[in-house]
Amino acid sequence: MQFADIILPLNLPLTLTYGVPVELQGLVQPGMRVEVGLGRNKIYSGLVLQVHNFKPEHYTVKPIRNLVDEAPVVFPLQLQFWQWIARYYLCSLGEVMHAALPAHLKLMSESLLIWNDMYEQPPTGLSDNAFIVAEALHIRKQLTIGEIRQLLDGRNTSKAINELLEIELAIVTELLEEKYKARTERYVFLEAAYEAEQKLQEAFAALEKAPKQLSLLLTFFQLKQQQAGIPVAALLKKAKASAAQLNALAEKGLFRFENIATDRLPSGESNGDAAFTLNDAQQQAFTAIRKGWADNKVVLLHGITGSGKTLIYIQLIREAIAAGKQALFLLPEIALTTQVVSRLKAYFGDELGVYHSRFSNNERVEIWNKVKDGKYKVVLGPRSALWLPYQELDCIIVDEEHDTSYKQYEPAPRFHARDAAIYLASLHKARVLLGSATPSVESTFNAQQKKYEYVPLKERYRGVSLPEIEPVSAKNTQVALSGLMTTNLLDAIARTLAEGKQVILFQNKRGYAPFLICGACGWIPLCKNCDVSLTYHKQTDKLHCHYCGTKSAPIKHCLQCGNTQITTRSFGTERIEEELQRIFPKARTARMDWDSMRGKNKQSQLIEDFTRGRVDILVGTQMVVKGLDFEQVGLVGILSADSLLSYPDFRVNERGFQLMEQVSGRAGRLDGKGHVIIQTFNLRHPVLQWVKEHDFRGFYQAEIGMRQQFGYPPFTRMVRLTCRHRDMQKAAQGAEALAEELQKIPGIFIQGPAAALVPRVRNFYLQEIWLKLPREAAPLQQGKEGISVAINAVMQQRGNAALQIIADVDPF
DNA sequence: AGCACGCCGACT
DNA sequence: GTCGGCGTGCTC
Ligand SMILES: [Zn+2]
Ligand SMILES: [Zn+2]
């Protein structure tokens, strides 16, 4: 007897073992989806992890019911990758599977109620709900549980269903359906009989009095030279004919129709062999990258904005394709709307697959298959592109490697795509290139330690020079704008606009008024689900909670003392745009933040407008840094540098430096007159000095010293454990119990528990424990295993069932 | 994730 | 008394 360990896309601690029935022996392979029963009568498509001969001792196995696939949909290498993710990031294989497989490859049965034909009609004596279901069932003959829930509005469905099953009015079966549906298109073919010359002549003759049909037939033959079947839509369009005319020909027996599965993904033509040459600096960097790779090292390419990293990437990808392998190009999701996509498409055409969150579930399956079949040689995508089934990767390029969006937080697996990419590459024996204008402290440290090869690319492409950075004291602000914009900034904006150049203003708060307070008693409107203050949004005329998304009616008077004077503190992007319109009425303003970019093509539209000079002043949050890739702006203003440099996180300086450096990169200009103004109440903040001098080295030296002194990464590894419970007491007790269990682990440093920065979100109370672990692989893994044990111990304690413990390895 | 089992409040 | 609410535990 053979057995198979099956992964189900659920948060189960382990795989489940099923028996391989005789008729499936030899057919079940790792990576295949199989139908398995779970619990009373659910059927899932699970994924085979391995097949073996070890009979489980403590329970009797259920058999695999059937195969879903004839061949594996997941490669063995991917299963290894999943197992590493689960181990390293402290989550279950099921959670990894859930994240990795496209939704339409994960099947779960739905219960189907079928009318029993022994009954002629619904009997009397049923409860109201059961009667409603019985009547519907009588007409429709079968209903899914979902349909019944809809019918009864979700109330008391199980009772009604049990009532019907009791009297055998209906029987229940489980239905496991393939979710992926190929898109089909109607094609028209010439009937075989008309392939004969003479028969065809007759047909043409008979059409003399129907010129429209004749011309349609001629168009058909014109197109038929390329392919036998012609898409109906294309034919009608080309012939400018109607469906009725086509049907008339079909009725005469000339044509037959067939529905053929087609590709959902648009195929782009490449520019053929678009030739380009690397300049000297690029060529040098390219050679250095190849050398680093030859030494089996990860390469860190430190190239300032506008140094032309993309061309180097393209050249490396070309070589990967030439070697008959695949390449993966990772980007932060938000950067996938920029010109990079069209640039790569121009070079790689149909061999390039782009992956992002806007694809439908059916499209994702098609992308999955094209990667698996090797039709895509290059994949450009965000962190989720790591899950695709690559046959053989030659290289992985992680651009903007410092970017925080590479770290997934919710839900598990809480992985870092840059780090996971390095492991995935090692499985493929592929090479890794990390690229950034502001490399992370971790990667720079690895380069310093000679673990990575460091390749600088200093020269700015096309001779664009670095902008002048001017920190200005925010004390020097106009009274009317109470701390919003300094006269330096206002003057600079006016000057820049007068020169016909564009302005970008950066403010890290969205909405209109991020903070409201009663002028009389100091009362602050708070979210009812979270421990945070609410932000007023003018666009919706509502108060928004940025943690749970709840929108509530705006406050007209204080709920505590009744005072009608509610004052606002701080300025969001909405308010800034409004003020700018008032101060610079002739300037065309635009806003780029989470709220204004929600629509489908909003972001690409804005980029288009900005590039074509249809926007004079752009106000935005982080998005203006990450979501734009042009660098021809006259002035960049950072309205409040202090908010970027004062929050409790050991990476605060790193983030602040990276952000301001990246923002500055937007202000490089060919004429060498780019200008950046940074408003602050602390002109002497060291980060501002480093930014001012573009002094990456100085920043790094200071930062790495601090990390070493206080035992932060890269000198240690951190794990954050969050206890989440609806009850404040239970959350705190759970965290205490967890901390106690953690004490048993040797060699780890425990900080906490303490309430999270925001102690309550969506009505869940959050308690955090921060752990420092040794960075060496073996004791690190030992420590993590200890953490798993501790979590399990706490979860098994009575009364902790509703407690959630979230482990976040290498938190960001 | 579902689903069954079991223990308490508010209805006949 | 029972009906049904949800908190708890399990799925090979
Ligand atoms: Zn008040
Ligand atoms: Zn909230």
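Naming: A, B, ... by sequence-line order, numbering from 1 per chain. Everything numeric in this text was worked out from a predicted model, so none of it was measured.
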[X] has an atom [atom1]; how far is it from atom [atom2] of [N], in whole Å?
X	N	atom1	atom2	value
A:Leu14	C:dC12	CG	P	13 Å
A:Glu110	B:dA1	CD	P	17 Å
A:Asp5	C:dT11	CG	P	16 Å
A:Lys159	B:dC3	NZ	P	18 Å
A:Gln797	C:dG7	CD	P	20 Å
A:Asn11	C:dC10	CG	C1'	13 Å
A:Ile145	B:dA1	CD1	C1'	15 Å
A:Leu803	C:dG9	CG	C1'	15 Å

Ring centre gap for A:Phe812 and A:His416 strictly below 6.0 Å:
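Distance test on ring centres: under 6.0 Å, yes.
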Has [X] got a side-chain N or O lying under 4.0 Å from the OP1 or OP2 atom of [N]?
X	N	result
A:Lys42	B:dC3	yes
A:Lys62	C:dC12	yes
A:Arg40	C:dC10	no

Of the candidate nucleotides [options], which contains the atom at the shortest distance from the side chain of [X]?
X	options	result
A:Leu16	B:dA1, C:dC12, B:dC3	C:dC12
A:Tyr18	B:dG2, C:dC12, C:dT8	C:dC12
A:Arg149	B:dA1, B:dC3, C:dG9	B:dC3
A:Leu12	C:dT11, C:dC12, B:dC3	C:dT11

Is A:Tyr59 side chain donor-acceptor paired with the C:dC12 base, going by distance under 3.5 Å alone?
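Flag set: donor-acceptor pair detected.
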Under the 3.5 angstrom rule, does the side chain of A:Glu177 hit a backbone N or O of A:Ser109 as a donor-acceptor pair?
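Here the side-chain-to-backbone pair does not exist.
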Under 4.0 Å, heavy atoms only, any strand: does A:Gly19 hit a base, just the sugar-phosphate, or nothing?
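No contact.
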Assign A:Arg798 to base, sugar-phosphate, or nothing according to its heavy-atom contacts below 4.0 angstrom with the strands shown.
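Sugar-phosphate: the residue A:Arg798, judged by heavy atoms under 4.0 Å, touches backbone atoms but no base.
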Quick one: sort the A:His546 and A:His544 rings into parallel, tilted or perpendicular, breaks at 30° and 60°.
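Perpendicular: the ring planes of A:His546 and A:His544 meet at over 60°.
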Salt-bridge present (A:Arg183, A:Glu363; N to O < 4.0 Å):
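Salt bridge absent between A:Arg183 and A:Glu363.
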What pair of heavy atoms forms the shortest contact from A:Val371 to A:Gln326, and how long is it?
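Residues A:Val371 and A:Gln326, closest heavy atoms: O-NE2, 3.1 Å.
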